[in-house]
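The basis for the numbers below is simple: all heavy atoms, side chains too, and nothing from hydrogens, waters or symmetry mates. Naming convention: chains lettered A, B, ... in sequence-line order (proteins, then strands); numbering from 1 in each chain.
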There are 2 protein chains.
Amino acid sequence: MSNVAAPTQFVEVSGQRYAFRRFGAGSGKPLLCLQHFTGTLDNWDPAVTDPLSSVREVILFENAGVGRSSGEVPDNISRMARHALAFLDALSIDSCDVLGFSLGGMVAQQMAQDRPSIFRRMVLVGTAPRGGDDIMHLEKPNLAQHFRNPALRGYEVLKKLFFVSSPTSQAAGEAFIRRLAQRQEDREPLSGPNVAAAQLAAFREWERAREDRFADLEHICQPTLVVNGVHDDMIPVSNSYRLVERLPNAVLLVYPDAGHGSLFQFHASFTRHVKAFLASDAKFAPY
Amino acid sequence: MSNVAAPTQFVEVSGQRYAFRRFGAGSGKPLLCLQHFTGTLDNWDPAVTDPLSSVREVILFENAGVGRSSGEVPDNISRMARHALAFLDALSIDSCDVLGFSLGGMVAQQMAQDRPSIFRRMVLVGTAPRGGDDIMHLEKPNLAQHFRNPALRGYEVLKKLFFVSSPTSQAAGEAFIRRLAQRQEDREPLSGPNVAAAQLAAFREWERAREDRFADLEHICQPTLVVNGVHDDMIPVSNSYRLVERLPNAVLLVYPDAGHGSLFQFHASFTRHVKAFLASDAKFAPY
(Lines give C-alpha, C1' and ligand atoms only; values in the text may rest on other atoms or scores of the structure.)
Protein backbone atom coordinates (compact mmCIF):
# COMPACT_ATOMS: atom_id res chain seq x y z
CA MET A 1 0.00 0.00 0.00
CA SER A 2 1.04 3.55 -0.66
CA ASN A 3 -0.03 7.11 -0.04
CA VAL A 4 -0.11 7.38 -3.84
CA ALA A 5 -3.19 5.14 -3.94
CA ALA A 6 -4.65 4.78 -0.43
CA PRO A 7 -8.29 5.97 -0.45
CA THR A 8 -9.20 8.92 1.72
CA GLN A 9 -11.59 7.76 4.43
CA PHE A 10 -13.83 9.68 6.78
CA VAL A 11 -15.02 9.29 10.33
CA GLU A 12 -17.59 11.47 12.07
CA VAL A 13 -17.61 12.40 15.76
CA SER A 14 -20.49 14.53 17.11
CA GLY A 15 -20.96 16.30 13.82
CA GLN A 16 -17.23 16.76 13.10
CA ARG A 17 -15.92 14.86 10.06
CA TYR A 18 -12.25 13.89 9.93
CA ALA A 19 -10.50 12.83 6.71
CA PHE A 20 -7.74 10.26 7.01
CA ARG A 21 -5.85 7.53 5.20
CA ARG A 22 -4.93 4.22 6.73
CA PHE A 23 -2.67 1.67 5.07
CA GLY A 24 0.03 -0.89 5.68
CA ALA A 25 0.30 -3.56 8.33
CA GLY A 26 2.61 -4.90 10.98
CA SER A 27 2.61 -6.43 14.40
CA GLY A 28 3.24 -3.14 16.23
CA LYS A 29 0.86 -0.35 17.15
CA PRO A 30 -0.32 1.96 14.38
CA LEU A 31 1.76 5.04 13.54
CA LEU A 32 -0.26 8.26 13.60
CA CYS A 33 1.17 10.91 11.28
CA LEU A 34 0.51 14.57 12.10
CA GLN A 35 1.06 17.07 9.33
CA HIS A 36 2.87 20.39 8.84
CA PHE A 37 1.60 23.95 8.33
CA THR A 38 -1.10 24.04 5.60
CA GLY A 39 -0.25 20.46 4.59
CA THR A 40 -3.00 18.03 3.64
CA LEU A 41 -2.97 14.24 3.36
CA ASP A 42 -1.43 14.76 -0.09
CA ASN A 43 1.66 16.38 1.45
CA TRP A 44 2.85 13.13 2.99
CA ASP A 45 5.79 11.98 0.90
CA PRO A 46 5.23 8.37 -0.21
CA ALA A 47 9.01 7.83 0.16
CA VAL A 48 8.45 8.36 3.90
CA THR A 49 5.03 6.83 4.51
CA ASP A 50 5.33 3.77 2.29
CA PRO A 51 8.48 2.18 3.75
CA LEU A 52 7.05 2.76 7.23
CA SER A 53 3.78 1.12 6.17
CA SER A 54 5.73 -2.06 5.38
CA VAL A 55 6.31 -2.58 9.12
CA ARG A 56 3.15 -1.13 10.66
CA GLU A 57 -0.17 0.43 9.92
CA VAL A 58 0.23 4.11 9.04
CA ILE A 59 -2.62 6.53 9.77
CA LEU A 60 -2.44 9.95 8.13
CA PHE A 61 -4.73 12.38 9.93
CA GLU A 62 -6.20 15.63 8.66
CA ASN A 63 -7.04 18.03 11.46
CA ALA A 64 -10.28 20.07 11.59
CA GLY A 65 -10.75 22.55 8.76
CA VAL A 66 -7.92 21.16 6.62
CA GLY A 67 -8.53 19.31 3.33
CA ARG A 68 -11.84 17.49 3.53
CA SER A 69 -12.03 17.52 7.33
CA SER A 70 -14.97 19.71 8.35
CA GLY A 71 -15.06 22.53 10.85
CA GLU A 72 -12.86 25.47 11.69
CA VAL A 73 -9.06 25.33 11.85
CA PRO A 74 -8.21 25.91 15.54
CA ASP A 75 -5.99 28.89 16.27
CA ASN A 76 -4.14 27.06 19.04
CA ILE A 77 -2.32 23.77 19.47
CA SER A 78 -4.45 22.62 22.41
CA ARG A 79 -7.62 22.48 20.33
CA MET A 80 -5.77 20.72 17.51
CA ALA A 81 -4.63 18.11 20.05
CA ARG A 82 -8.21 17.66 21.27
CA HIS A 83 -9.34 17.00 17.68
CA ALA A 84 -6.60 14.42 17.16
CA LEU A 85 -7.52 12.66 20.40
CA ALA A 86 -11.21 12.65 19.44
CA PHE A 87 -10.23 11.13 16.10
CA LEU A 88 -8.24 8.33 17.75
CA ASP A 89 -11.16 7.72 20.13
CA ALA A 90 -13.47 7.41 17.14
CA LEU A 91 -11.15 4.75 15.72
CA SER A 92 -11.02 3.01 19.16
CA ILE A 93 -7.24 3.46 19.28
CA ASP A 94 -6.18 3.90 22.89
CA SER A 95 -2.43 3.73 22.26
CA CYS A 96 -0.26 4.20 19.18
CA ASP A 97 3.06 5.60 17.99
CA VAL A 98 3.26 9.06 16.46
CA LEU A 99 5.26 10.86 13.79
CA GLY A 100 4.69 14.60 14.16
CA PHE A 101 6.31 16.91 11.63
CA SER A 102 6.62 20.65 12.34
CA LEU A 103 3.12 21.82 13.45
CA GLY A 104 2.29 18.12 13.83
CA GLY A 105 5.15 17.70 16.29
CA MET A 106 3.67 20.41 18.49
CA VAL A 107 0.25 18.74 18.38
CA ALA A 108 1.90 15.43 19.33
CA GLN A 109 3.63 17.03 22.35
CA GLN A 110 0.33 18.54 23.49
CA MET A 111 -1.46 15.19 23.10
CA ALA A 112 1.24 13.49 25.20
CA GLN A 113 0.79 16.16 27.88
CA ASP A 114 -3.00 15.86 27.85
CA ARG A 115 -3.18 12.06 27.74
CA PRO A 116 0.18 10.45 28.61
CA SER A 117 -1.07 6.94 27.77
CA ILE A 118 -1.85 7.78 24.16
CA PHE A 119 1.65 7.33 22.71
CA ARG A 120 4.06 4.43 23.15
CA ARG A 121 6.94 6.05 21.16
CA MET A 122 7.17 9.47 19.53
CA VAL A 123 9.06 10.78 16.50
CA LEU A 124 9.25 14.58 16.41
CA VAL A 125 10.68 16.12 13.24
CA GLY A 126 11.47 19.78 12.53
CA THR A 127 9.44 20.97 15.47
CA ALA A 128 9.73 23.05 18.64
CA PRO A 129 8.78 22.91 22.30
CA ARG A 130 6.25 25.37 23.70
CA GLY A 131 8.19 28.60 24.21
CA GLY A 132 10.65 27.71 21.44
CA ASP A 133 12.67 30.11 19.32
CA ASP A 134 11.86 31.74 15.99
CA ILE A 135 8.98 29.43 15.06
CA MET A 136 7.61 29.84 11.54
CA HIS A 137 8.17 33.55 11.07
CA LEU A 138 7.24 33.62 7.41
CA GLU A 139 7.78 37.37 7.35
CA LYS A 140 11.57 36.84 7.64
CA PRO A 141 13.18 37.96 4.35
CA ASN A 142 14.79 34.57 3.63
CA LEU A 143 11.36 32.89 3.80
CA ALA A 144 9.16 35.73 2.51
CA GLN A 145 11.17 35.97 -0.74
CA HIS A 146 9.89 32.53 -1.77
CA PHE A 147 6.22 33.28 -1.04
CA ARG A 148 6.51 36.50 -3.04
CA ASN A 149 8.19 34.83 -6.02
CA PRO A 150 5.56 34.40 -8.78
CA ALA A 151 7.84 31.97 -10.65
CA LEU A 152 7.34 29.36 -7.93
CA ARG A 153 4.13 27.56 -8.85
CA GLY A 154 2.30 24.95 -6.79
CA TYR A 155 4.60 22.77 -4.78
CA GLU A 156 7.70 24.54 -6.13
CA VAL A 157 7.68 26.86 -3.15
CA LEU A 158 8.17 23.79 -0.93
CA LYS A 159 11.42 23.07 -2.74
CA LYS A 160 12.68 26.45 -1.52
CA LEU A 161 11.16 26.33 1.96
CA PHE A 162 11.92 22.72 2.93
CA PHE A 163 15.35 22.35 1.29
CA VAL A 164 18.56 24.37 1.46
CA SER A 165 20.14 26.13 -1.50
CA SER A 166 22.88 23.53 -2.18
CA PRO A 167 22.55 21.66 -5.50
CA THR A 168 22.21 18.33 -3.63
CA SER A 169 19.40 19.59 -1.41
CA GLN A 170 17.58 21.30 -4.29
CA ALA A 171 17.80 18.09 -6.34
CA ALA A 172 16.27 16.23 -3.40
CA GLY A 173 13.53 18.90 -3.32
CA GLU A 174 12.86 18.39 -7.01
CA ALA A 175 12.45 14.64 -6.44
CA PHE A 176 10.20 15.33 -3.44
CA ILE A 177 7.72 17.48 -5.36
CA ARG A 178 7.66 14.90 -8.17
CA ARG A 179 6.73 12.26 -5.61
CA LEU A 180 3.95 14.46 -4.18
CA ALA A 181 2.49 14.77 -7.67
CA GLN A 182 2.31 10.98 -8.17
CA ARG A 183 -1.14 10.72 -6.61
CA GLN A 184 -3.56 11.54 -9.40
CA GLU A 185 -7.02 10.93 -7.97
CA ASP A 186 -8.94 11.45 -4.76
CA ARG A 187 -6.76 14.41 -3.84
CA GLU A 188 -7.49 16.88 -1.05
CA PRO A 189 -8.35 20.53 -1.74
CA LEU A 190 -5.37 22.85 -1.22
CA SER A 191 -5.33 24.86 2.00
CA GLY A 192 -6.53 28.43 1.65
CA PRO A 193 -5.45 31.62 3.47
CA ASN A 194 -7.87 30.89 6.34
CA VAL A 195 -5.98 27.68 7.17
CA ALA A 196 -2.66 29.54 7.07
CA ALA A 197 -3.95 32.39 9.24
CA ALA A 198 -5.34 30.14 11.98
CA GLN A 199 -2.24 27.93 12.05
CA LEU A 200 0.07 30.96 12.20
CA ALA A 201 -1.96 32.21 15.16
CA ALA A 202 -1.41 28.80 16.75
CA PHE A 203 2.37 29.13 16.22
CA ARG A 204 2.35 32.55 17.89
CA GLU A 205 0.45 31.18 20.86
CA TRP A 206 2.83 28.16 21.09
CA GLU A 207 5.88 30.43 20.95
CA ARG A 208 4.87 32.20 24.16
CA ALA A 209 6.92 30.74 26.99
CA ARG A 210 5.29 29.64 30.21
CA GLU A 211 6.81 30.69 33.51
CA ASP A 212 9.37 27.88 33.78
CA ARG A 213 10.41 27.64 30.14
CA PHE A 214 10.49 24.05 28.82
CA ALA A 215 9.72 22.55 32.26
CA ASP A 216 6.56 20.91 30.89
CA LEU A 217 8.76 18.73 28.66
CA GLU A 218 9.89 16.81 31.73
CA HIS A 219 6.46 15.16 31.89
CA ILE A 220 6.78 13.59 28.42
CA CYS A 221 8.50 10.33 29.33
CA GLN A 222 7.85 8.33 26.18
CA PRO A 223 10.94 7.19 24.29
CA THR A 224 11.27 9.92 21.68
CA LEU A 225 13.31 10.39 18.53
CA VAL A 226 13.88 14.07 17.63
CA VAL A 227 15.02 14.78 14.06
CA ASN A 228 16.03 18.05 12.39
CA GLY A 229 17.90 19.41 9.41
CA VAL A 230 20.87 21.47 10.61
CA HIS A 231 19.97 24.49 8.45
CA ASP A 232 16.24 24.83 9.13
CA ASP A 233 15.03 28.38 8.53
CA MET A 234 11.38 27.64 9.38
CA ILE A 235 11.92 26.10 12.84
CA PRO A 236 15.63 26.35 13.72
CA VAL A 237 17.53 23.29 14.94
CA SER A 238 18.08 25.01 18.32
CA ASN A 239 14.49 24.01 19.10
CA SER A 240 15.43 20.35 18.68
CA TYR A 241 18.44 20.93 20.96
CA ARG A 242 16.08 22.33 23.64
CA LEU A 243 13.72 19.36 23.18
CA VAL A 244 16.37 16.72 23.88
CA GLU A 245 17.92 18.76 26.68
CA ARG A 246 14.65 18.73 28.64
CA LEU A 247 12.75 15.65 27.45
CA PRO A 248 13.96 12.92 29.80
CA ASN A 249 14.09 10.14 27.22
CA ALA A 250 14.87 11.53 23.76
CA VAL A 251 17.54 10.78 21.16
CA LEU A 252 18.48 13.54 18.72
CA LEU A 253 19.37 12.94 15.08
CA VAL A 254 20.48 15.95 13.01
CA TYR A 255 21.03 15.80 9.25
CA PRO A 256 23.59 17.89 7.33
CA ASP A 257 22.93 19.89 4.14
CA ALA A 258 19.23 19.91 5.01
CA GLY A 259 16.51 22.28 6.12
CA HIS A 260 12.95 21.84 7.35
CA GLY A 261 12.30 18.87 5.06
CA SER A 262 15.22 16.70 6.23
CA LEU A 263 12.92 13.66 6.47
CA PHE A 264 12.04 13.99 2.78
CA GLN A 265 15.61 14.74 1.65
CA PHE A 266 17.07 11.74 3.49
CA HIS A 267 13.98 9.53 3.29
CA ALA A 268 15.95 6.27 3.02
CA SER A 269 18.03 7.04 6.11
CA PHE A 270 15.09 8.58 7.97
CA THR A 271 12.77 5.62 7.48
CA ARG A 272 15.60 3.21 8.41
CA HIS A 273 16.13 5.09 11.68
CA VAL A 274 12.41 5.37 12.44
CA LYS A 275 11.89 1.65 11.77
CA ALA A 276 14.77 0.75 14.11
CA PHE A 277 13.49 3.16 16.75
CA LEU A 278 9.89 1.91 16.55
CA ALA A 279 10.98 -1.74 16.49
CA SER A 280 12.39 -1.35 20.00
CA ASP A 281 10.28 -2.17 23.03
CA ALA A 282 12.97 -0.91 25.41
CA LYS A 283 12.09 1.56 28.12
CA PHE A 284 14.86 3.84 26.82
CA ALA A 285 14.93 5.77 23.58
CA PRO A 286 18.39 4.74 22.27
CA TYR A 287 17.97 2.23 19.45
CA MET B 1 39.30 -11.03 19.29
CA SER B 2 38.82 -8.63 22.15
CA ASN B 3 40.53 -5.77 23.93
CA VAL B 4 40.41 -8.04 26.98
CA ALA B 5 43.03 -10.30 25.40
CA ALA B 6 44.65 -8.55 22.42
CA PRO B 7 48.42 -8.29 22.99
CA THR B 8 49.97 -4.86 23.19
CA GLN B 9 52.29 -4.37 20.24
CA PHE B 10 54.98 -1.81 19.57
CA VAL B 11 56.32 0.00 16.55
CA GLU B 12 59.33 2.30 16.49
CA VAL B 13 59.77 5.35 14.27
CA SER B 14 63.05 7.29 14.46
CA GLY B 15 63.59 6.41 18.08
CA GLN B 16 59.97 6.96 19.14
CA ARG B 17 58.15 3.80 20.30
CA TYR B 18 54.35 3.63 19.99
CA ALA B 19 52.25 1.06 21.86
CA PHE B 20 49.10 -0.18 20.14
CA ARG B 21 46.68 -3.07 19.85
CA ARG B 22 45.31 -4.38 16.60
CA PHE B 23 42.55 -6.97 16.37
CA GLY B 24 39.47 -7.98 14.42
CA ALA B 25 38.93 -8.24 10.69
CA GLY B 26 36.61 -7.11 7.95
CA SER B 27 36.58 -6.04 4.35
CA GLY B 28 36.63 -2.31 5.12
CA LYS B 29 39.51 -0.05 6.08
CA PRO B 30 40.89 -0.32 9.62
CA LEU B 31 39.30 1.78 12.36
CA LEU B 32 41.84 3.87 14.28
CA CYS B 33 40.73 4.59 17.86
CA LEU B 34 42.05 7.74 19.56
CA GLN B 35 41.75 7.88 23.31
CA HIS B 36 40.51 10.34 25.93
CA PHE B 37 42.35 12.43 28.56
CA THR B 38 44.83 10.27 30.52
CA GLY B 39 43.32 7.11 29.01
CA THR B 40 45.55 4.21 28.00
CA LEU B 41 44.86 1.22 25.76
CA ASP B 42 43.21 -0.35 28.81
CA ASN B 43 40.55 2.37 28.89
CA TRP B 44 38.93 1.17 25.68
CA ASP B 45 35.70 -0.55 26.71
CA PRO B 46 35.57 -4.04 25.18
CA ALA B 47 31.79 -3.55 24.78
CA VAL B 48 32.66 -0.83 22.25
CA THR B 49 35.81 -2.16 20.58
CA ASP B 50 34.85 -5.82 20.32
CA PRO B 51 31.56 -5.51 18.38
CA LEU B 52 33.31 -3.08 16.02
CA SER B 53 36.19 -5.55 15.57
CA SER B 54 33.67 -8.08 14.23
CA VAL B 55 33.25 -5.95 11.09
CA ARG B 56 36.70 -4.43 10.66
CA GLU B 57 40.20 -4.33 12.03
CA VAL B 58 40.35 -2.09 15.09
CA ILE B 59 43.62 -0.30 15.92
CA LEU B 60 43.92 1.21 19.40
CA PHE B 61 46.69 3.79 19.47
CA GLU B 62 48.62 5.13 22.46
CA ASN B 63 50.04 8.57 21.84
CA ALA B 64 53.57 9.62 22.85
CA GLY B 65 54.27 9.56 26.58
CA VAL B 66 51.09 7.63 27.46
CA GLY B 67 51.19 4.02 28.74
CA ARG B 68 54.14 2.22 27.21
CA SER B 69 54.58 4.68 24.33
CA SER B 70 57.91 6.45 24.79
CA GLY B 71 58.64 10.17 24.72
CA GLU B 72 57.04 13.27 26.11
CA VAL B 73 53.28 13.92 26.13
CA PRO B 74 52.79 16.88 23.76
CA ASP B 75 51.15 19.94 25.27
CA ASN B 76 49.20 20.70 22.09
CA ILE B 77 46.89 18.83 19.74
CA SER B 78 48.98 19.52 16.63
CA ARG B 79 51.93 17.52 17.93
CA MET B 80 49.62 14.71 19.04
CA ALA B 81 48.23 14.61 15.49
CA ARG B 82 51.76 14.45 14.06
CA HIS B 83 52.52 11.46 16.29
CA ALA B 84 49.35 9.67 15.19
CA LEU B 85 50.17 10.29 11.52
CA ALA B 86 53.74 9.04 12.02
CA PHE B 87 52.29 5.91 13.63
CA LEU B 88 49.96 5.25 10.68
CA ASP B 89 52.89 5.83 8.30
CA ALA B 90 54.92 3.27 10.23
CA LEU B 91 52.09 0.77 9.73
CA SER B 92 51.88 1.73 6.01
CA ILE B 93 48.27 2.78 6.43
CA ASP B 94 47.52 5.63 4.04
CA SER B 95 43.76 5.74 4.64
CA CYS B 96 41.52 4.46 7.42
CA ASP B 97 38.40 5.31 9.43
CA VAL B 98 38.69 6.93 12.84
CA LEU B 99 36.86 6.87 16.15
CA GLY B 100 38.06 9.80 18.26
CA PHE B 101 36.71 10.16 21.77
CA SER B 102 37.10 13.44 23.68
CA LEU B 103 40.80 14.43 23.39
CA GLY B 104 41.02 11.78 20.65
CA GLY B 105 38.29 13.57 18.67
CA MET B 106 40.37 16.76 18.68
CA VAL B 107 43.43 14.84 17.47
CA ALA B 108 41.29 13.29 14.71
CA GLN B 109 40.08 16.72 13.56
CA GLN B 110 43.65 18.02 13.47
CA MET B 111 44.82 14.97 11.48
CA ALA B 112 42.00 15.52 8.95
CA GLN B 113 43.09 19.16 8.60
CA ASP B 114 46.76 18.26 8.21
CA ARG B 115 46.28 15.33 5.82
CA PRO B 116 42.76 15.27 4.33
CA SER B 117 43.32 11.91 2.61
CA ILE B 118 44.01 10.07 5.85
CA PHE B 119 40.38 9.41 6.87
CA ARG B 120 37.55 7.94 4.83
CA ARG B 121 34.86 8.36 7.55
CA MET B 122 35.11 9.89 11.02
CA VAL B 123 33.28 9.23 14.28
CA LEU B 124 33.73 12.03 16.83
CA VAL B 125 32.38 11.36 20.32
CA GLY B 126 32.18 13.76 23.27
CA THR B 127 34.56 16.20 21.67
CA ALA B 128 34.85 19.84 20.64
CA PRO B 129 36.01 21.93 17.71
CA ARG B 130 39.01 24.23 18.10
CA GLY B 131 37.68 27.29 19.91
CA GLY B 132 34.92 25.28 21.58
CA ASP B 133 33.22 26.04 24.89
CA ASP B 134 34.07 24.94 28.41
CA ILE B 135 36.45 22.12 27.43
CA MET B 136 37.64 19.91 30.29
CA HIS B 137 37.70 22.46 33.10
CA LEU B 138 38.39 19.97 35.86
CA GLU B 139 38.50 22.82 38.36
CA LYS B 140 34.70 23.26 38.04
CA PRO B 141 33.12 22.24 41.37
CA ASN B 142 30.90 19.54 39.83
CA LEU B 143 33.99 17.82 38.39
CA ALA B 144 36.56 18.70 41.07
CA GLN B 145 34.43 17.12 43.82
CA HIS B 146 35.02 13.68 42.29
CA PHE B 147 38.80 14.09 41.98
CA ARG B 148 38.93 15.23 45.61
CA ASN B 149 36.81 12.34 46.91
CA PRO B 150 39.14 9.80 48.56
CA ALA B 151 36.35 7.17 48.54
CA LEU B 152 36.59 6.91 44.75
CA ARG B 153 39.39 4.43 44.10
CA GLY B 154 40.88 3.52 40.74
CA TYR B 155 38.34 3.59 37.93
CA GLU B 156 35.51 4.57 40.29
CA VAL B 157 36.12 8.22 39.53
CA LEU B 158 35.27 7.46 35.90
CA LYS B 159 31.82 6.31 37.01
CA LYS B 160 31.24 9.82 38.35
CA LEU B 161 32.94 11.73 35.52
CA PHE B 162 31.63 9.80 32.50
CA PHE B 163 28.10 9.06 33.72
CA VAL B 164 25.29 11.21 35.12
CA SER B 165 23.85 10.87 38.60
CA SER B 166 20.68 8.97 37.60
CA PRO B 167 20.47 5.37 38.88
CA THR B 168 20.37 4.06 35.30
CA SER B 169 23.49 5.94 34.24
CA GLN B 170 25.38 5.04 37.43
CA ALA B 171 24.48 1.37 36.93
CA ALA B 172 25.87 1.63 33.39
CA GLY B 173 29.01 3.20 34.87
CA GLU B 174 29.35 0.31 37.30
CA ALA B 175 29.14 -2.17 34.43
CA PHE B 176 31.67 -0.11 32.45
CA ILE B 177 34.35 -0.18 35.14
CA ARG B 178 33.78 -3.91 35.61
CA ARG B 179 34.41 -4.38 31.89
CA LEU B 180 37.62 -2.30 32.05
CA ALA B 181 38.88 -4.60 34.84
CA GLN B 182 38.37 -7.75 32.75
CA ARG B 183 41.81 -7.52 31.18
CA GLN B 184 44.16 -9.14 33.69
CA GLU B 185 47.55 -9.27 32.00
CA ASP B 186 49.72 -7.14 29.77
CA ARG B 187 48.15 -3.95 31.12
CA GLU B 188 49.46 -0.45 30.56
CA PRO B 189 50.88 1.67 33.39
CA LEU B 190 48.39 4.24 34.67
CA SER B 191 48.90 7.83 33.53
CA GLY B 192 50.65 10.04 36.05
CA PRO B 193 50.25 13.78 36.78
CA ASN B 194 52.71 14.68 34.00
CA VAL B 195 50.35 13.16 31.40
CA ALA B 196 47.40 15.05 32.88
CA ALA B 197 49.29 18.35 33.00
CA ALA B 198 50.45 18.21 29.37
CA GLN B 199 47.03 17.13 28.08
CA LEU B 200 45.30 19.88 30.07
CA ALA B 201 47.69 22.39 28.50
CA ALA B 202 46.67 20.96 25.11
CA PHE B 203 42.98 21.52 25.97
CA ARG B 204 43.69 25.14 26.92
CA GLU B 205 45.50 25.73 23.66
CA TRP B 206 42.68 24.02 21.67
CA GLU B 207 40.07 26.15 23.43
CA ARG B 208 41.58 29.37 22.08
CA ALA B 209 39.49 30.45 19.11
CA ARG B 210 41.12 31.44 15.84
CA GLU B 211 40.02 34.60 14.10
CA ASP B 212 37.04 33.14 12.23
CA ARG B 213 35.75 30.80 14.91
CA PHE B 214 34.94 27.29 13.60
CA ALA B 215 35.67 28.27 9.97
CA ASP B 216 38.41 25.63 9.75
CA LEU B 217 35.72 22.94 10.17
CA GLU B 218 34.50 23.70 6.66
CA HIS B 219 37.59 21.98 5.27
CA ILE B 220 36.78 18.64 6.90
CA CYS B 221 34.59 17.10 4.23
CA GLN B 222 34.69 13.45 5.28
CA PRO B 223 31.32 11.91 6.16
CA THR B 224 31.29 12.32 9.94
CA LEU B 225 29.15 10.99 12.75
CA VAL B 226 29.17 13.23 15.84
CA VAL B 227 27.94 11.64 19.08
CA ASN B 228 27.41 13.15 22.53
CA GLY B 229 25.61 12.56 25.79
CA VAL B 230 23.12 15.38 26.42
CA HIS B 231 24.38 16.07 29.96
CA ASP B 232 28.15 16.12 29.42
CA ASP B 233 29.91 18.16 32.11
CA MET B 234 33.42 17.54 30.75
CA ILE B 235 32.84 18.73 27.16
CA PRO B 236 29.30 20.12 26.89
CA VAL B 237 27.00 18.97 24.10
CA SER B 238 26.96 22.52 22.67
CA ASN B 239 30.37 21.66 21.20
CA SER B 240 28.79 18.84 19.22
CA TYR B 241 26.08 21.27 18.04
CA ARG B 242 28.80 23.63 16.78
CA LEU B 243 30.60 20.73 15.05
CA VAL B 244 27.59 19.68 12.97
CA GLU B 245 26.59 23.27 12.26
CA ARG B 246 29.95 23.95 10.56
CA LEU B 247 31.19 20.56 9.35
CA PRO B 248 29.68 20.27 5.86
CA ASN B 249 28.91 16.55 6.03
CA ALA B 250 28.16 15.47 9.61
CA VAL B 251 25.23 13.70 11.26
CA LEU B 252 24.62 14.34 14.97
CA LEU B 253 23.41 11.69 17.39
CA VAL B 254 22.71 12.76 20.99
CA TYR B 255 21.90 10.32 23.79
CA PRO B 256 19.61 11.06 26.77
CA ASP B 257 20.41 10.37 30.44
CA ALA B 258 24.10 10.31 29.56
CA GLY B 259 27.26 12.33 30.08
CA HIS B 260 30.75 12.19 28.62
CA GLY B 261 30.73 8.37 28.41
CA SER B 262 27.58 8.03 26.30
CA LEU B 263 29.33 5.52 24.00
CA PHE B 264 30.03 3.23 26.97
CA GLN B 265 26.57 3.68 28.52
CA PHE B 266 24.74 2.88 25.29
CA HIS B 267 27.39 0.59 23.82
CA ALA B 268 24.88 -1.66 22.04
CA SER B 269 23.16 1.27 20.33
CA PHE B 270 26.43 3.10 19.72
CA THR B 271 28.18 0.18 18.03
CA ARG B 272 25.05 -0.52 15.93
CA HIS B 273 25.04 3.10 14.71
CA VAL B 274 28.79 3.14 14.09
CA LYS B 275 28.63 -0.13 12.15
CA ALA B 276 25.80 1.19 9.97
CA PHE B 277 27.65 4.48 9.44
CA LEU B 278 30.96 2.80 8.56
CA ALA B 279 29.25 0.25 6.31
CA SER B 280 28.16 3.04 3.99
CA ASP B 281 30.28 4.03 1.02
CA ALA B 282 28.02 6.96 0.19
CA LYS B 283 29.47 10.41 -0.32
CA PHE B 284 27.05 11.73 2.31
CA ALA B 285 27.11 11.09 6.03
CA PRO B 286 23.44 10.07 6.58
CA TYR B 287 23.24 6.32 7.07
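- Using a 4.5 Å cut-off between heavy atoms, A/V230 contacts chain B through its side chain alone, with no backbone atom that close.
- Ring geometry for B/Y287 against A/H273 counts as perpendicular: the plane angle is over 60°, on a 0 to 90° scale with 30° as the lower cut.
- Ranked by heavy-atom pairs shorter than 4.5 Å toward chain A, the options B/D257, B/L247, B/V244 are led by B/V244.
- Rounding to the nearest 0.5 angstrom, the gap separating the OG atom in A/S240 from the OH atom in B/Y241 is 9.5 Å.
- Contact count against chain A (heavy-atom pairs under 4.5 Å) is highest for B/A250 among B/S238, B/A250, B/A276, B/S280.
- Residue A/T168 touches chain B through its side chain alone, counting heavy-atom pairs closer than 4.5 Å.
- Only the side chain of B/V237 comes within contact range of chain A, with heavy atoms under 4.5 Å apart.
- Residue B/F270: no heavy atom, backbone or side chain, is found under 4.5 Å from chain A.
- The two atoms that bring B/P256 and A/V251 nearest to each other are CD-CG2, 3.8 Å, heavy atoms only.
- If you measure heavy-atom distances from A/P248 to chain B, the contacts under 4.5 Å come from the backbone alone.
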